[in-house]
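A note on names: the letters A, B, ... follow the listed sequences, proteins ahead of strands, and every chain is numbered from 1. Only this structure's heavy atoms are used, side chains among them; waters, hydrogens and symmetry mates stay out.
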Amino acid sequence: MGPPDTLNMTKSNCYQEIFSVVSRIPKGRVATYGQVALLAGLPRKVRLVGYALSAVRNYLPIPWHRVVNAKGQISSRFEESPAEELQRLRLEDEGVIFDARDCIPLIHYQWHPEQKQR
DNA sequence: CAATTGACGCCCA
DNA sequence: TTGGGCGCCAATT
């Protein structure tokens, strides 16, 4: 079971695009699922983003924790998952502050890829 | 091959 | 303001 450093579980270009976008989110910033879908060129396939992220493995260098829903909250998994807690811890570790309603003020933390780094 | 399932987002009551 | 419902469509079973 060679731990692949490549996304060998990726079976489509959709996933590649999604992971590519997520990988560009800077530390300490967040992007919404809809935003990622848009940037990946998949305007209405918002749910596919969440689907793709669920396939991400821990050893893969993808900052999946920087993707939150449109309200700025950490999206609930199917069932209560430690991943949700981990996501919050990672974000706080990057300097993201949650408000009293467990929301991340997108007005302040949302990523704005002004110029595509090329 | 057909049905079900999502780590969502938007609309409307 | 908040909650419920529906649309999206690839992936999975």
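- For the atom pair CG (L42(A)) and CD1 (I18(A)), the distance works out to 5.5 Å, reported to the nearest 0.5 Å.
- Residues passing the side chain to side chain contact (heavy atoms under 4.5 Å, CB included) test with L53(A), sequence neighbours excluded: F19(A), V22(A), Y33(A), V49(A), V56(A), W64(A), V67(A).
- For E85(A), the salt bridge (Lys or Arg N to Asp or Glu O under 4.0 Å) criterion is met by no residue, not counting sequence neighbours.
- One atom, OH of Y15(A), and another, C1' of dC9(C), lie 11 Å apart when rounded to the nearest Å.
- Side-chain atoms of P63(A) and K27(A), non-hydrogen and from C-beta on, never get closer than 4.5 Å to each other.
- For E94(A), the salt bridge (Lys or Arg N to Asp or Glu O under 4.0 Å) partners are R66(A), not counting sequence neighbours.
- For the segment residues 99-106 of chain A, the set of residues with a heavy atom within less than 4.0 Å of an atom of DNA chain C is empty.
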Quiz item: Taking only Watson-Crick and G-U wobble pairs with both distances under 3.5 Å, what dot-bracket line describes DNA chain C, where [ ] shows pairs that cross earlier ones and | shows pairs with another strand?
Solution: .||||||.|||||
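- At whole-Å resolution of the value, CG in L42(A) and P in dA11(C) are 11 Å apart.
- Atom P of nucleotide dA10(C) and atom CD of Q16(A) are separated by 17 Å, given to the nearest angstrom.
- Counting Ile, Leu, Val, Met, Phe, Trp and Tyr side chains that sit under 4.5 Å apart, directly or through other members, V68(A) shares a hydrophobic cluster with V30(A), I74(A), L91(A), V96(A), I97(A), F98(A), I104(A), L106(A), Y109(A).
- Under the rule for a side-chain hydrogen bond (donor to acceptor under 3.5 Å, both in side chains), the partners of D102(A) that lie at least two apart in sequence or sit in another chain are R88(A).
- Among residue pairs with one or both ends in residues 43-54 of chain A, none qualify as salt bridge (Lys or Arg N to Asp or Glu O under 4.0 Å); sequence neighbours excluded.
- Rounding to the nearest 0.5 Å places CD1 of I25(A) at 10.0 Å from CD of Q110(A).
- Two residues, Y51(A) and R44(A), neighbour DNA chain C, and the one matched to the more 5' nucleotide by heavy-atom proximity is R44(A).
- Residue L53(A) is classed as a base contact, given a heavy-atom separation below 4.0 Å to a base.
- Checked by atom type and distance alone, the side chain of Q87(A) never pairs as donor or acceptor with a backbone atom of E84(A) at under 3.5 Å.
- Between dA10(C) and K45(A), a contact under 4.0 Å exists linking OP1 or OP2 to a side-chain N or O.
- Under the side-chain hydrogen bond (donor to acceptor under 3.5 Å, both in side chains) criterion, S23(A) pairs with no residue, sequence neighbours left out.
- Within residues 89-98 of chain A, no residue has any heavy atom under 4.0 Å from DNA chain B.
- Checked against side chain to side chain contact (heavy atoms under 4.5 Å, CB included), A83(A) has the following partners two or more places apart in sequence or in another chain: R77(A), S81(A).
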Quiz item: Can you give one letter per nucleotide of nucleotides 8-13 of chain B, going 5' to 3': B for a protein heavy atom under 4.0 Å from the base, S for sugar-phosphate only, - for none?
Solution: BS----
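- Here dT5(B) presents its C1' atom at 17 Å from CZ of R77(A), a figure rounded to the nearest Å.
- At least one donor-acceptor pair under 3.5 Å links the side chain of R29(A) to the backbone N or O of H108(A).
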